[in-house]
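This report concerns only the one structure given below.
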Amino acid sequence: LHLTPVDYAILILYFAFVIGIGWRLRKSVTSSGEFLTAGHSVPVWITSLAFLAANLGAQEVVGMCASGAKYGIMTSHFYWIGAVPAMLFVGVFMMPFYYGSRARSVPEYLKLRFDEKTRGLNAITFAVMTLFSSGISMYALAKMFNLVLGWNFNSSILLSAAIVLAYTYLGGLTSAIYNEVLQFFLIVLGFSPLAILSVRRAGGWSGIQQRLAPNMTHAWHYLHHANENPMGVEVFGLVAGLGFVLSFGYWCTDFLVIQRAMAANSMSAARRTPLLAAFPKMIMPFIVILPGIAALALTQMGSGYALPPKGNGYDYDQALTTLMAQFYPNGMLGVGLTALMASFMSGMAGNVTAFNTVFTYDIYQSYIHPHASDDHYLRVGRITTVVGVALSIATAYLATQFNDIMDFLQLVFGFVNAPLFATFLLGMFWKRTTGHGAFWGLIAGTLGAAFTWMLTVAEGKGGTIANLHDFPSQMAQNFWIAIIAWSTCMTVTILISLATRPHPETQLRGLVYGLTETPHEQGVSWYRRPVPLALIVAVALIFLNLLFR
Amino acid sequence: MLDLRVPSGVFFALTGAILIVHSMILPGLRAPMTDANVNLYSGVVMLGFGAVLLGLAARSRRA
């Protein structure tokens with residue numbers, strides 16, 4: 001890609017605005033609560049879009065476009081099965097406990113519901129995971145800019161890190177959330193024209209269907225057996241692994257996204273945050289996946305565009321940038337690259353702000369220096385932001401060891417998030433669950449995930465102890481790792497809970513279903529109530545799945 | 001608290017304006033695989049989006 005001054009002007013304008021927003025918000029940050037939890041004062045339309053945008057990192061835009069070209073419309077399962085149902089569940093059922101408990105973080109909820117050791121375990125694993133995710137975002141950005149623009153790898157990493165550090169350091173979580181919304185708008189407006197132009201050039205959806213194999217344009221038809229579809233998964237692995245365990249494990253327990261909802265200015269707004277976010281989430285496949293599918297169709301029709309070759313196949317990770325080079329003139333090219341930069345930065349900032357909250361409240365305040373003044377924790381929060389960015393840079397270099405970012409992320413989430421969802425499900429909906437049960441269940445679930453990986457092989461990876469089973473793809477292996485981790489955690493938690501003494505019910509009020517007052521909705525318009533909103537999303541979701549079945 | 005619609009509106013209005021002006025300075029500029037004036041159309045959409053955000057912010061301030 002060859003950039004001209006107009007492209008750089010748009011990029012610089014964007015940098016100026018994101019830092020400007022942080023600068024403008026710096027005066028509103030006077031306490032650790034305002035810096036780390038946004039003071040529970042953000043309007044619902046902002047928290048909803050931030051809830052979505054915090055997840056719009058490297059894996060979303062570049063990875064989903066690449067997956068579209070590699071796996072076809074089945075990639076939409078990451079949205080329609082692998083995200084939206086979980087977003088409805090967390091909004092309708094789980095948010096009353098998160099927001100109602102007044103916990104400042106997900107680990108803190110675990111402390112209130114279970115005990116200190118469960119909080120500590122979750123806080124530490126989450127902190128490590130956010131650093132990895134942040135580093136992977138940064139690595140992907142630098143690698144792509146090096147490949148596409150010839151920018152220096154190290155300079156790209158340092159530039160993106162410096163800008164994220166500037167606005168998160170200045171304005172804390174509020175600044176990150178505000179910028180995520182700006183980044184979301186930019187991603188939608190920056191990539192929608194690409195989807196329209198590339199699909200139109202490929203002959204529309206009907207033209208794409210004519211040119212590609214049927215299993216690339218049907219989301220459900222070819223799931224009877226793993227060999228029938230390019231993803232190498234069957235319906236149970238997909239629905240149980242991705243649609244239930246991984247999806248609910250991420251959207252219902254990952255503090256990165258839950259933090260956005262908890263920043264809302266009321267319980268009602270917190271519950272509506274994931275529900276309102278589900279509307280644009282349903283539409284995102286048309287913006288990020290369709291161009292990838294169109295790229296493959298254009299390659300096969302000999303249109304003058306071709307996916308870059310790699311080995312015996314294609315370099316799918318370059319689908320998005322090569323399409324931009326063909327469909328965007330200078331000017332819009334600058335907008336597209338800025339949108340790419342925005343997606344990486346929103347993912348990175350989301351991880352950094354979640355990391356500094358968990359480190360400051362759940363690790364530093366709990367174990368290192370309790371009972372200090374609020375000014376002290378505000379200072380620690382700011383220093384942690386700097387340290388978090390520095391550690392993210394370190395993990396970015398570590399990520400160079402892994403080729404497929406998406407599969408690696410799924411692997412990490414399988415180890416950490418999958419068992420956690422079983423813990424939350426039992427903790428929130430079964431008052432008999434105990435702290436010992438939750439803690440050992442999490443340990444057992446994580447070990448179950450690790451051993452499953454070490455005992456099975458997919459695409460030459462895993463099987464470090466023995467090879468008991470060959471999966472047709474890493475995707476299938478990851479889904480089954482998640483299923484086994486969740487089942488192990490669920491079983492062990494139940495068994496140990498039944499053998500240990502539960503908390504008295506008086507300690508569980510506001511934390512467990514049946515002991516928590518249901519939020520009142522009398523006099524609230526129907527379109528502001530969680531259940532009707534969730535039903536509308538569910539109907540639209542069924543329609544989309546039927547349309548692309 | 002800062003009304004996010006204001007900086008977002010200004011950003012998209014400016015970006016849209018840059019694209020429109022660029023498409024006027026170089027009216028024949030096209031990407032290799034499309035005949036559409038992508039800069040002009042996208043610029044108009046962005047300018048319009050920015051104006052809507054600023055309009056909403058102004059209305060909320062009056063109310």
Side-chain angles (χ1 to χ4, degrees), chain A residues 4-7 9-10 13-14 16-18 20-21 24-25 27-28 38-39 41-43 45-46 49-50 171 174-175 177-186 188-190 192-194 196-198 200-201 265 298 303-305 323-336 338, chain B:
Chain A
T4 59
V6 69
D7 303 308
I10 291 167
L13 185 71
Y14 167 72
F17 268 79
V18 290
I21 287 173
R24 176 70 179 71
L25 288 169
K27 286 179 186 165
S28 62
S41 62
V42 184
W45 75 272
I46 293 178
L49 293 178
T174 312
S175 176
I177 286 177
Y178 274 41
N179 274 311
E180 281 159 8
V181 174
L182 178 65
Q183 285 150 354
F184 172 78
F185 288 144
L186 189 56
V188 171
L189 290 171
S192 295
L194 190 65
I196 294 166
L197 292 166
S198 59
R200 193 161 159 253
R201 182 63 191 253
N265 53 18
L298 287 167
S303 61
Y305 168 85
L323 280 176
M324 280 166 54
Q326 293 298 317
F327 286 100
Y328 281 175
N330 288 107
M332 199 52 203
L333 194 60
V335 175
T338 307
Chain B
M1 184 74 84
L2 172 70
D3 184 345
L4 180 59
R5 288 169 294 194
V6 175
S8 301
V10 173
F11 172 77
F12 284 106
L14 281 175
T15 307
I18 290 172
L19 289 178
I20 292 169
V21 169
H22 190 61
S23 73
M24 287 172 173
I25 294 169
L26 297 169
L29 185 65
R30 296 290 184 274
M33 287 192 70
T34 177
D35 294 329
N37 193 340
V38 179
N39 281 341
L40 179 63
Y41 298 143
S42 302
V44 168
V45 170
M46 284 191 201
L47 186 62
F49 180 66
V52 167
L53 288 178
L54 289 172
L56 288 171
R59 198 177 70 167
S60 139
R61 194 171 295 178
R62 278 198 299 272

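All chains are named by letter (A, B, ...) in the order of the sequence lines, taking the proteins before the strands, and each is independently numbered beginning at 1. Everything quoted here is computed from the prediction, not taken from an experiment. Below, each value reflects all heavy atoms present in this structure, side chains not excepted, and no hydrogens, waters or symmetry copies.
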Please round to the nearest 0.5 Å and tell me the distance separating atom [atom1] of [X] and atom [atom2] of [Y].
X        : Y        : atom1 : atom2 : result
A:Tyr178 : A:Ile46  : OH    : CD1   : 4.0 Å
A:Thr338 : A:Leu189 : OG1   : CG    : 12.5 Å
A:Leu333 : A:Asp7   : CG    : CG    : 5.0 Å
B:His22  : A:Ile10  : NE2   : CD1   : 8.0 Å
A:Leu25  : A:Ser175 : CG    : OG    : 5.5 Å

So for [X], is it side chain, backbone, both, or neither that comes closer than 4.5 Å to the heavy atoms of chain B?
X        : answer
A:Leu197 : side chain
A:Thr174 : side chain
A:Ala325 : backbone
A:Leu182 : both
A:Val42  : neither

Counting only N and O atoms by type, is there a donor-acceptor contact under 3.5 Å from the side chain of B:Thr34 to the main-chain atoms of B:Ala31?
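Looks like no, no N/O pair under 3.5 Å.
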Qualifying salt bridge (Lys or Arg N to Asp or Glu O under 4.0 Å) pairs with a residue from residues 27-49 of chain B, counting only residues at least two apart or across chains
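Checked against salt bridge (Lys or Arg N to Asp or Glu O under 4.0 Å) - neighbours excluded - no pair reaches residues 27-49 of chain B.
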Give the table of side-chain donor-acceptor pairs shorter than 3.5 Å for residues 37-59 of chain B, with sequence neighbours excluded, one pair per line with atom names and distance.
{"residue": "B:Asn37", "atom": "OD1", "partner": "B:Leu40", "partner atom": "N", "Å": "3.3"}
{"residue": "B:Asn39", "atom": "OD1", "partner": "A:Met332", "partner atom": "N", "Å": "2.9"}
{"residue": "B:Asn39", "atom": "ND2", "partner": "A:Asn330", "partner atom": "O", "Å": "2.8"}
{"residue": "B:Ser42", "atom": "OG", "partner": "B:Val38", "partner atom": "O", "Å": "2.9"}

List for me each residue that meets salt bridge (charged side-chain N to carboxylate O under 4.0 Å, His left out) alongside A:Arg201, sequence neighbours excluded, and say none if there are none.
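Not a single residue meets the salt bridge (charged side-chain N to carboxylate O under 4.0 Å, His left out) criterion with A:Arg201.
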Option that, when pairs with chain B are counted at under 4.5 Å, heavy atom only, ranks first among A:Trp45, A:Tyr14, A:Phe185
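Most pairs with chain B among the choices: A:Phe185.
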For chain A, which residues of residues 12-21 of chain B have at least one non-hydrogen atom nearer than 4.5 Å to it?
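So the qualifying residues are B:Phe12, B:Leu14, B:Thr15, B:Ile18, B:Leu19.
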